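Note sheet for the following structure.
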Amino acid sequence: MPGKSRLSTVETRLLSSAVQVAGEGIAILTPAEEAIGPRILFVNACFCKLYGVEKNEVLHKTLAAFGIVDRHHAIFNDMLEHIFENEPFDAEATARRKDGAEFELDLQVVPVMDSGEPTHWVAFLRDITESKNQLLMLRRQAMFDPLTDLPNRMLLFERFEKAIDNARSAKNMTALLLMDLDRFKEINDTFGHHFGDTLLKEIAVRLRNLLSPNDTLSRLGGDEFGLFLTRASDPSDVAAVARRVLDSLQQPFAIEGHLVEVSASIGIALYPTHGTDARMLLRRADVAMYAAKEANVGYAFHNQEHESQTPDQLALVVEMRSAMERDEFELYYQPKLHVNSGLMTRAEVLIRWNHPKRGLLAPGAFIPIAERTGLIKPMTDWIIDRMLKQCREWHDAGAPVHVAVNISAKSLQEQLLPVKFQAALDKWNMDPRFVKVEITESSIMADPAHALAITSMLQSMGVRLSLDDFGTGFSSLTNLRQLPIDELKIDKSFVMGMTASEADTTIVRTMIDLAHNLGKQVCAEGVEDELTWRRLGEMGCDLAQGYWISRPLPAGDFLAWLVETFWGLRQVKRSLRSVAR
Ligand code: C2E
Ligand code: CA
Ligand code: CA
């Protein structure tokens, strides 16, 4: 068996001079023969420079000579443990020079083994203060908001996760509050961005002073702040903090010679009541914040009613907020045909969401959420604008398409709807007679007096009205007569049932007659086969819409359909003829 190769004298000398001139501190130690561990046999020049010592000051000393500060005694103990187990060790710790100055030490200790026993230990020591500071600075840049110097969203999240872990083991409660300023955009637009930035800084200072040092306050971006409380013992404490925050913002801020008052909305989610992980709680607080804003109540706790429970829907709530900016919504158009002539008269506008991960989403997946969170308002504004823009393009191209847009109950409650509608009509120079608004029975019934006021205003502007999903609600005859409705739309559940059920056929026939008796047009939706189409014709139904005629189509495909199909072509030809006349 070949013996262990021994170093020649020359090699030893070479090696020792290499060690002597090495760029890092090197110490050679005895094995750990005593309880206090190894002692120093040799140190190189760099080691002396690192600690500001002479060689003889450290020779035969214990590892205490490495100067690891008392507060890092755990690291020191860990090192000794490794050495007693003959295991290599490395760590970073704060160390002290002879003159008392501290530095960040990178330390590596490796055994030199012979026949399974360490004959020596070699320690490599480096001052990493500078690179560590650079790292800290980078981390700071990545974790703190440069404007307010508060932790940013990432750091809030990281700390919140830790706080949840602690709360879990201590069986405590933790509260997350998300705050969004009201009308901050207006302030920015009126006084300028510099003013807005100063205001955000002042808000940060005021809130920081208001909160206890244990609470983490963070700026999440824009005019959104987040904070979590680790010392809250019950929801009323948390509510009190929310009130204090809102009150403090109401004291005017003096900025650049102006006095501004700020109001805000706060959403609150509690661990463990409202969720057990940071992501879920963040979303829930976000949804609650929107609910608070919508209801204008200052603050709101997460509430099951704000959302349905599935995390999927929670994710949608959050994603929907930026989807508009990212242009992920798209309008589809489904033709409505005149049954008698078979001509295309108008198109119903149906929104879709091109979700980056989930693909094309139907409105059923997000309109109810948009309604609950108040996002339906900006969404409806967007829909009206896009639809009229599209209409303008088609008209300019010689296809005078009429459009029908769905207005949800929430939007119908908005006082400004008629004004906004008029502004959009003016913007795109569209004749209101080409536009119809579809309102469901149930949204009218939610507040009939208000619905009457808004629909009357729309009517006086020249916009037509259609009562959607007719037959599924409980509209009274009085309502049907009073409301300025031009058209009843028979709900697709009856129409789709016609081929299989005599009762549905009777209901559809009765609805058609009722509409005509009231002097209104009637439209059947959900026409899925030719038989239904023919029957509707026999019963005198005015308009029909359904997959058998065409599915809802993106704008480009819709125009292509219009040119290609029998129904559409005649319509376009006719329109072109009338343009020529
Ligand atoms: P709605 O107003 O009753 O719209 C008709 C729905 O029936 C559409 O579903 C349409 O794609 C579907 N449909 C049309 N023909 C047929 C057919 O032959 N068979 C079957 N099974 N279905 C057919 P969609 O696009 O999923 O919209 C669902 C609902 O979402 C709409 O019901 C409407 O209440 C709402 N919605 C759609 N777009 C908008 C919008 O832009 N704003 C608002 N507020 N609500 C919208
Ligand atoms: Ca509709
Ligand atoms: Ca409908």
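All ligand and atom numbering here is 1-based and tracks the order in the structure. Keep in mind that this is a model prediction, so the values were computed, not measured.
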Nearest non-hydrogen protein atom, atom 18 (O) of ligand 1: Y547 N, 2.7 Å

Atom 37 (C) of ligand 1: nearest protein contact (heavy atom, Å): P363 CG, 3.4 Å

Classify the contact between [X] and ligand 1 as side chain, backbone, both or neither, using a heavy-atom distance cut-off of under 4.0 Å.
X: M379; result: neither
X: E525; result: side chain
X: S408; result: both

Would [X] count as a polar contact of ligand 1, with the cut-off being nitrogen or oxygen pairs under 3.5 Å?
X: N406; value: yes
X: Q545; value: no
X: M496; value: no

Which atom of D468 approaches the Ca ion (ligand 3) most closely (N/O/S): OD1

Answer yes if the ring centres of [X] and [Y] are under 6.0 angstrom apart, and no otherwise.
X: H258; Y: F253; answer: no
X: H355; Y: F366; answer: no
X: Y333; Y: W561; answer: no

Heavy-atom closest contact (G275 atom, M280 atom, distance): CA-CG, 4.2 Å

Charged N-O contact under 4.0 Å between E487 and K436: yes

Exceeds 12 heavy-atom contacts within 6.0 angstrom, atom CG of N340: no

Backbone or side-chain N/O/S of E525 under 3.0 Å of the Ca ion (ligand 3): yes

